[in-house]
Trainee: 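I have a structure here, written as structure tokens, and I will follow up with some questions on it.
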Amino acid sequence: MTDPEPAFRDRVLALVARIPAGRVVTYGQLATLAGQPGAARQAGFVLNSLVGGSELPWQRVINAQGRVSTHKLGFGDLQEGLLRTEGIEFDASGRCDLARWQWWPEDSAQGQAAPPTPLL
DNA sequence: ACGATGACCATAT
DNA sequence: TATATGGCCATCG
């Protein structure tokens with residue numbers, strides 16, 4: 001293990017790739033699932049390096065407040081728009097209900113929010 | 001080696 | 001509910 005640990009980056013990306021459409025995960029959650037609890041900022045750092053030219057659903061990663069954290073980078077509207085296209089609902093303040101849309105891998109049966117088709 | 005920075009998080013006011 | 005503050009951990013100049 002003398003290497004820095006490219007595993008963390010790979011694990012984060014692998015997790016992002018597994019997020020189903022219409023669901024979201026938080027940075028802290030990604031870090032925890034990747035084996036580095038508390039390293040939420042690093043999870044964001046990893047995503048920052050892959051934006052623009054990735055097949056991964058990077059837009060499904062938001063912060064613990066239920067808001068997109070890319071507004072200052074310029075594509076906040078894009079991210080929120082993509083999520084809305086997938087069925088996620090945001091309120092006027094650009095916030096969504098994590099208890100409702102947050103996704104957890106089957107391995108770690110945690111939250112299991114409501115189904116992707118709540119009403120309608 | 002050190003200080004500054006960041007797609008963050010939790011708590012307090 | 002919104003802003004302020006401290007803590008976190010890896011990267012970079």
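Remember, it's a predicted structure, so these values are computed and weren't measured experimentally. The chains referred to below are lettered A, B, ... by the order of the sequence lines, with proteins before strands, and numbering in each begins at 1.
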Trainee: Tell me the interatomic distance from A:L98, atom CG, to B:dA10, atom P, rounded to whole angstroms.
Mentor: 10 Å
Trainee: Is there side-chain contact between A:F75 and A:W58, with at least one heavy-atom pair below 4.5 Å?
Mentor: yes
Trainee: Select one nucleotide: of B:dC9, B:dG6, B:dA7, the one nearest the side-chain heavy atoms of A:A40.
Mentor: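 The closest nucleotide is B:dC9.
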Trainee: Treating A:E86 as the side-chain partner and A:G22 as the backbone partner, does any N or O pair qualify as donor plus acceptor under 3.5 Å?
Mentor: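 Side chain of A:E86 to backbone of A:G22: a pair is present.
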Trainee: Output the single nucleotide from B:dC9, B:dA7, C:dC9 whose closest atom is nearest the side chain of A:Q42.
Mentor: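 Nearest listed nucleotide: C:dC9.
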Trainee: Verify the distance criterion only: is there a donor paired with an acceptor across the side chains of A:R67 and A:S93 at less than 3.5 Å?
Mentor: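 Judged by distance alone, the side chains do not pair up.
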Trainee: Any idea which of C:dT11, C:dG7, B:dA7 is nearest the A:L47 side chain?
Mentor: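 Looking only at heavy atoms from C-beta outward on A:L47, the closest nucleotide is B:dA7.
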Trainee: Enumerate the residues from residues 58-66 of chain A whose closest heavy atom to DNA chain B is under 4.0 Å, giving them by residue number; use none for an empty result.
Mentor: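 Within this stretch, A:W58, A:N63, A:A64 sit under 4.0 Å of the strand.
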Trainee: Separation of A:L50 atom CG from B:dG6 atom C1', in whole Å?
Mentor: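 Answer to the nearest Å: 15 Å.
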Trainee: Is the phosphate of C:dT1 approached by A:R95 (side-chain N or O, under 4.0 Å from OP1 or OP2)?
Mentor: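 A:R95 to C:dT1 OP1/OP2: side-chain N or O found under 4.0 Å.
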Trainee: Salt bridge or not for A:E89 and A:R100, using N-O below 4.0 Å?
Mentor: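 Yes, A:E89 and A:R100 are salt-bridged.
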Trainee: More than 12 foreign heavy atoms under 6.0 Å from CG of A:D10: is that the case here?
Mentor: yes
Trainee: How close or far is atom P of C:dT1 from atom CZ of A:R67, stated in whole angstroms?
Mentor: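 Between P of C:dT1 and CZ of A:R67: 11 Å.
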Trainee: A:F45 near the nucleic acid: base, sugar-phosphate alone, or nothing, with a heavy-atom cut-off under 4.0 Å?
Mentor: sugar-phosphate
Trainee: Would you mind reading off the distance between A:L30 atom CG and B:dA7 atom C1', rounded to a whole angstrom?
Mentor: 11 Å
Trainee: For the pair made of CZ in A:F8 and C1' in C:dT11, what is the distance, rounded to whole Å?
Mentor: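 Taking CZ of A:F8 and C1' of C:dT11, I get 13 Å after rounding.
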Trainee: I need the CZ-P distance between A:F75 and B:dA7, as an integer number of Å.
Mentor: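 Spelled out: CZ on A:F75 to P on B:dA7 is 9 Å.
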Trainee: Nearest whole Å is fine: how far is B:dC9 P from A:R41 CZ?
Mentor: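 Going from CZ in A:R41 over to P in B:dC9 covers 10 Å.
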Trainee: Without decimals, in angstroms, what is the distance between A:Q36 CD and C:dT11 C1'?
Mentor: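 Value for this atom pair: 14 Å.
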Trainee: Quick check: do A:R23 and A:R60 have side-chain heavy atoms less than 4.5 Å from each other?
Mentor: no
Trainee: Would you check, one step at a time, whether the test side-chain contact (heavy atoms from CB on, under 4.5 Å) holds for A:V16 with A:L47?
Mentor: CA-CA 9 Å; A:V16 172; A:L47 292 176; 4.0 Å; yes
